[in-house]
**Student:** 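Got a structure here, written out as structure tokens. Questions coming.
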Amino acid sequence: MTRLVNLWLVVLLGSTGTAVAQSSRPGWGATPYAGPGGTGVTFRTWAPNASSVAVAGSFNGWSTGSLPLISEGGGVWSRDVTTAGVGQPYKFVINGTLWRRDPYSKQLEGSGTRNSIIHNASAFTWGTNDFVMPPPNELVIYEMHIGAFYDPTPLDGLPGKFTNAIQQLDHLVDLGINAVELMPISEFPTPTSWGYNLSYPFAIESTYGTPDQLKAFVKACHDRDIAVLMDVVHNHWGDDSDDWSLWQYDGWSTGGYGGIYFYSEPNLCCTWWGPRPDYSRPEVRDYILNNFRMWKQDYRIDGFRWDAPQFMLFTDNTQAIPVPDASNAINYVIATLSNEFEHTFHIAEDIKGVVGFNSHWDMAYQGTMQGIMSTGADNDRNMSTLAGAINGDPNRIIYTESHDTTGDLNTWAVRFPKAVDGGDAESYYARKRTQLASVFTLTAPGTPMIWMGQELLETNLFSDARSLDWSRTNTFAHITRFYRDMIHLRRNLDGVSGGLAGDGTGLVFLDSTLKTIGYRRYHAAAPDQDVVVIANLRNSVRENYTVPMPAAGTWYIHVNTDAETYGPDYENVGVAPSIIASGNPPTATVNLGRYSAMVLSQIPSVGLSVQTLAVDDVSFGNANGRVDP
């Protein structure tokens, strides 16, 4: 019999002798209701191998028999419970003995038996802000770990929370950030985590806060015109080592594998990080789709970075998971969200060219930039490789640091400044070359992303148990100012750099001997706002250097990274309001500082140059560092 149809054909007597039936109301897990028929909670779960399912909680004294669920057919069980209400803990009891947390739990208790908690998803007041995320070419993303972003009480042994992160959002506004990308925030079993070992995809990690506190964070972002993207993990879920996961949920398994939610075939079952969901089951595909629906509908998330979708499509780099399992699951989610919601941004972490994804992380870009900038001898910097990395796919996310490249769980990870100068990650050379890489990142085609702490010149490895050192906003205020000025240019906030939002890139000049490069960025919609970037990748000043230019006339210098504004030990080489290009073909004479770049357009800045603004409360150590030939 079809679920939710012919309701009263499935009736039994509970232990109280009262007739009960499957629910006629929609919703998975625990869904509060109120209306003419009264108030209560609808409970529904999928347990196809169960002979009985009951719900137990504080509303019935944790009785295993007083509130049996009724089979709807197809392995689905449900009933309405008038005595249950929001905030009460509960579990499902399968076959009389198996106590299970709800796979659709929105919230779990933070300690003890970690019961599921009934949550009212519609109670939060969003207000009237009708935020719409800008298109990808207008975004600058800030990747963030909620627990390690800002923790005002670092000695309490607990990570930062959503409420803490809200307190630092104005810092991001000042930088010019208009999108944050959250590392996974679904419930995980360990006290702290990067978030990729999730146990319950629908539940909010209890140490970060409540569902409504996450909504308050999203609302605070949207009120500041900041989009919220988030990592979602559906290539693996928790396994048998996590004793409160979806593993063998209704008691059934074969071959020692994970039961109804997971593959049971040896060649499909497993990823490097945990068991793979069984995408061949329509119920599992619906579970994944409903998870995305929840993030969109209940939390107003603007987009998703799919963690390792390559391992949803392939068992390894060569063996494809049988069609139509995973490809159907991905297409099903993206197509459905496209029909039901507007403006959802989908990012693939580790694979490109898959239909439906808007973008992908360009991991090769990061490796290329770090390799070029950490090369000890200037003569060894490969300028052609640099040019190729800059002139890349506009449908990509580009970055020089991420949680992976800086995280303490990866033995190869290192902060970018440390890679540049292993002896002194705060040295002149570390700062100079780090800024050069960021100039390229914030002016190249693609959506730029910075990892939390870059703007503070953070040199410690990322740890899920340690917050950023926010005192560095004073110590390295010049670095913070540099990122602010570059992000403002990238987003054309001053109306002088519209070319950076376009797909067009043209190499103006490249000198592999002198290690200089110039390139033009342009946008068909802003033909008068071309931007030119000129850079010197040698530890020597380039004076009276003649370079070709795309057009004759005055070119205004909006950023010169050798300005003292960006480092008190910098030399102010080439700091000037503008240069003149003349001749046919046009050329200009420039002065370039060591390891420096300048960003120019033919539109003057309004008012003071960003390079003449004061910087407050600055203290630096010495600038000793490696001197390259």
**Student:** For the atom pair CZ (Phe149) and CE (Met183), what is the distance rounded to the nearest 0.5 Å?
**Tutor:** 14.0 Å
**Student:** Return the minimal non-hydrogen interatomic distance between Pro309 and Trp306, and the atom names on each side.
**Tutor:** CD-O, 3.1 Å
**Student:** In Å and rounded to the nearest 0.5 Å, what is the NZ to CG distance from Lys91 to Leu108?
**Tutor:** 9.5 Å
**Student:** With Ala121, which residues qualify under side chain to side chain contact (heavy atoms under 4.5 Å, CB included), at least two apart?
**Tutor:** His119, Lys215, Asp298
**Student:** Can Arg293 and Glu340 be counted as an ion pair, charged N to O under 4.0 angstrom?
**Tutor:** yes
**Student:** My understanding is that only one of Trp451, Tyr365, Trp361 makes a ring pair (Phe, Tyr, Trp, His ring centres under 6.0 Å) with Tyr399; could you say which?
**Tutor:** Trp361
**Student:** Out of Trp237, Phe311, Tyr196, which one pairs with Trp273 under the ring pair (Phe, Tyr, Trp, His ring centres under 6.0 Å) rule?
**Tutor:** Phe311
**Student:** Please assess Thr163 against Phe217 for the test side-chain contact (heavy atoms from CB on, under 4.5 Å), listing each intermediate value before the final yes or no.
**Tutor:** CA-CA 7 Å; Thr163 53; Phe217 172 83; over 6 Å; no
**Student:** What's the spacing between Arg305 CZ and Asp231 CG if we round to 0.5 Å?
**Tutor:** 4.5 Å
**Student:** Could you tell me whether a side-chain N or O of Thr434 sits under 3.5 Å from a main-chain N or O of Ala430, the two making a donor and an acceptor?
**Tutor:** yes
**Student:** Which residue pairs pass the salt bridge (Lys or Arg N to Asp or Glu O under 4.0 Å) test when at least one of the two sits in residues 447-465, sequence neighbours left out?
**Tutor:** none
**Student:** Rounded to the nearest 0.5 Å, how far apart are CZ of Arg300 and CZ of Phe341?
**Tutor:** 11.0 Å
**Student:** Please identify which of these residues, Arg415, Arg431, Arg472, meets the salt bridge (charged side-chain N to carboxylate O under 4.0 Å, His left out) condition with Glu426.
**Tutor:** Arg472
**Student:** Could you tell me the separation between the OG1 atom of Thr441 and the CE atom of Met486, rounded to the nearest 0.5 Å?
**Tutor:** 9.0 Å
**Student:** Please report the shortest heavy-atom distance between Pro103 and Tyr287, naming the atom on each side.
**Tutor:** O-OH, 2.7 Å
**Student:** Using modelled atom types and a 3.5 Å cut-off, is there a donor and acceptor pairing between side-chain atoms of Glu401 and backbone atoms of Gln454?
**Tutor:** no
